[in-house]
Amino acid sequence: MVASQRSVAVDLVRVIGVVAIVAGHVWDQRHFAQAGLYTWHVPVFFLLTGYLWKSDRTTGFEIRRRARTLLVPYLSWLIIVTVVWYTVRAARGEPFDTHLLTQLPLGGNSISRPYSAFWFVTALFFAAIYMRFSERLHPALPWFVGGIGVIWCIGAPHAVAMIPESAGTAIAAVIFLAIGRSVRAARDSITRPALTGVVLLLPAWWVGWSGATATLNMKGGNLGTPVASVIVAAAISVGLLLIAEGIEQYLPQWSRTVILEIAACAIPIILLHTLSLAITERYGLPSSKWTFLIALFVPLAVAAVLRRTPARRILF
């Protein structure tokens, strides 16, 4: 079973997810990204939130906690990214883009690079609140809420995506939180996590890779092939988690330190990597292993430094 404090296995999955998100945005038109990464790399974060869920908290506590850990960093990085982006544009002699600024309060699907990944933070915030509120009414209600969200995405994905700050997409995301919570409840009965994880992950990943199910674009309210793509995403995510828990005891201490450091910087990396890509695009650098490394390690370096300063209170 995972540790009661911080789980290296969970953080390892976070790191894998972060790397997958960055790679997906660098090579978003490649088959390996669409079929191999977009099938799971965002749902896994919602599922991990459900896996770590504590059912003894009130809705008010959840709002305060998520506002502190998600909305405060969101607003702080939004200001930083805006200042950097408009400085770069001004240095290049580009006109002042007022339209982009007017879209910032809407967030979600309304804002693109360099803010492409910001939707995820507000979606996670609202999903956690929906989960907590519905759970307090009845433990099974989050399944109903998430199911309604999935059905809504199937029927009217654009309408869901255009709700400000991804508050609509978050309704469907509750299904992944509910799955994560259920996996945690059943975790003690899984005696061979690595093997179970492989059995879940490989077939599900192959289904996505082969094109049997469509890829997901949660930001756009697109959950791929109705229901099937959600099942594939959940199976891959649970499989990764169980494999990580199965191998955690064999990880050397140095790797644990690296994993914990990168995982602690996950939100800044997610929010900053699209700024890095927007800047490299502006300077004519094509998508390559070099732009991938820049998009991953520059935000990581910035976050690692800032995490050791007083600014961490508003950035993490």
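- Between Pro142 and Arg181 the shortest heavy-atom distance is CG-NH1, 4.1 Å.
- With sequence neighbours left out, the ring pair (Phe, Tyr, Trp, His ring centres under 6.0 Å) criterion links His31 to Trp209.
- Pairs engaging residues 261-274 under the salt bridge (Lys or Arg N to Asp or Glu O under 4.0 Å) rule: Glu261-Arg307, Glu261-Arg308 [sequence neighbours left out].
- The salt bridge (Lys or Arg N to Asp or Glu O under 4.0 Å) pairs that include a residue from residues 106-134 are Glu62-Arg132, Arg113-Glu281, Arg132-Glu135, where partners are two or more places apart or lie in different chains.
- Applying the salt bridge (Lys or Arg N to Asp or Glu O under 4.0 Å) test to residues at least two apart or on different chains, the pairs with a partner in residues 13-30 are Asp11-Arg14.
- Within the model, atoms CZ of Phe125 and CG of Leu70 stand 8.0 Å from one another, a figure rounded to the nearest 0.5 Å.
- By the 4.5 Å heavy-atom criterion applied to side chains, Ile80 and Leu315 are counted as neighbours.
- Between Ile231 and Val207 the shortest side-chain heavy-atom distance does not fall below 4.5 Å.
- A side chain to side chain contact (heavy atoms under 4.5 Å, CB included) with Leu47 holds for exactly one of Ile179, Val13, Val42; it is Ile179.
- In the hydrophobic clustering of ILVMFWY residues, with side-chain heavy atoms under 4.5 Å counting as a link, Tyr38 and Leu240 come out apart.
- Under the 4.5 Å side-chain criterion, counting only non-hydrogen atoms from C-beta, Ile279 is in contact with Val84.
- Contact annotation: the side chain of Arg66 approaches that of Thr49 to within less than 4.5 Å [non-hydrogen atoms, C-beta and beyond].
- In this view, Phe316 satisfies the ring pair (Phe, Tyr, Trp, His ring centres under 6.0 Å) rule with no residue, not counting sequence neighbours.
- Judged by distance alone, with hydrogens and angles left aside, the side-chain atoms of Thr215 form a donor-acceptor pair with the main-chain N or O of Gln34 at under 3.5 Å.
- Under the side chain to side chain contact (heavy atoms under 4.5 Å, CB included) test applied with Val15, the options Ile269, Val10, Ile262 reduce to a single match, Ile262.
- Taking the side chain as every heavy atom from C-beta outward, Ser7 and Glu248 approach each other to under 4.5 Å.
- Between Tyr115 and Thr82, some side-chain heavy-atom pair lies under the 4.5 Å cut-off.
- Contact check for Val44 versus Ile236: no side-chain heavy atoms found under the 4.5 Å cut-off.
- For the residue pair His41 and Ala20, the shortest heavy atom distance occurs at CD2-O, 3.4 Å.
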Report, one line per pair, each donor and acceptor closer than 3.5 Å where one atom sits in a side chain of residues 189-203; sequence neighbours left out.
residue: Ser189; atom: OG; partner: Ala186; partner atom: O; Å: 2.6
residue: Thr196; atom: OG1; partner: Arg192; partner atom: O; Å: 2.8

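- Scanning for salt bridge (Lys or Arg N to Asp or Glu O under 4.0 Å) contacts around Arg282 gives Glu94, with sequence neighbours left out.
- How far CG of Leu177 is from OG of Ser134: 9.5 Å, rounded to the nearest 0.5 Å.
- Remark: Arg68 CZ to Ile314 CD1 distance equals 9.0 Å, nearest 0.5 Å.
- Scanning for ring pair (Phe, Tyr, Trp, His ring centres under 6.0 Å) contacts around Phe45 gives Phe120, with sequence neighbours left out.
- Both Trp40 and Phe32 are members of a single hydrophobic cluster when ILVMFWY side chains are connected at heavy-atom separations under 4.5 Å.
- The stretch residues 162-172 participates, sequence neighbours left out, in these side chain to side chain donor-acceptor pair (under 3.5 Å) pairs: Tyr74-Glu165.
- Atom-to-atom distance recorded for Phe133:CZ and Thr58:OG1 is 12.5 Å, nearest 0.5 angstrom.
- Taking all atoms of both residues into account, the shortest heavy-atom contact from Leu37 to Ala23 is CD1-CB, 3.9 Å.
- Nearest heavy atoms, Lys219 versus Ile111: NZ-O, 3.1 Å.
- Of the possible polar contacts, one joining the Tyr130 side chain to the Ala167 backbone as a donor-acceptor pair under 3.5 Å is found.
- Using a distance-only test at 3.5 Å, with no hydrogens or angles considered, no donor-acceptor pair links the side chain of Thr213 to the main chain of Ala228.
- Among residue pairs with one or both ends in residues 137-191, none qualify as ring-ring contact (aromatic ring centres under 6.0 Å, His included); sequence neighbours excluded.
- Applying the ring-ring contact (aromatic ring centres under 6.0 Å, His included) rule to pairs touching residues 263-308 yields His25-His273, Trp27-Phe292, sequence neighbours excluded.
- Under the 3.5 Å distance criterion, the side-chain polar atoms of Trp119 are left unmatched by any main-chain donor or acceptor of Gly107.
- Heavy atoms of other residues, nucleotides or ligands lying less than 6.0 angstrom from CZ of Arg256 number more than 12.
- For the residue pair Leu272 and Pro299, the shortest heavy atom distance occurs at CB-CB, 3.7 Å.
- Partners of Tyr86 according to the ring pair (Phe, Tyr, Trp, His ring centres under 6.0 Å) rule, which considers only residues two or more places apart in sequence or in another chain, are Phe96.
- A distance-only check finds no donor-acceptor pair linking the side chain of Tyr51 to the backbone of Val183 [under 3.5 Å].
- With a 4.5 Å cut-off on side-chain heavy atoms, Trp85 and Leu275 count as touching.
- Taking hydrophobic clusters as Ile, Leu, Val, Met, Phe, Trp and Tyr residues chained together by side-chain heavy-atom distances below 4.5 Å, Ile151 does not share a cluster with Leu141.
- Atom CD1 of Ile154 sits about 9.5 Å away from atom OG of Ser229, to the nearest 0.5 Å.
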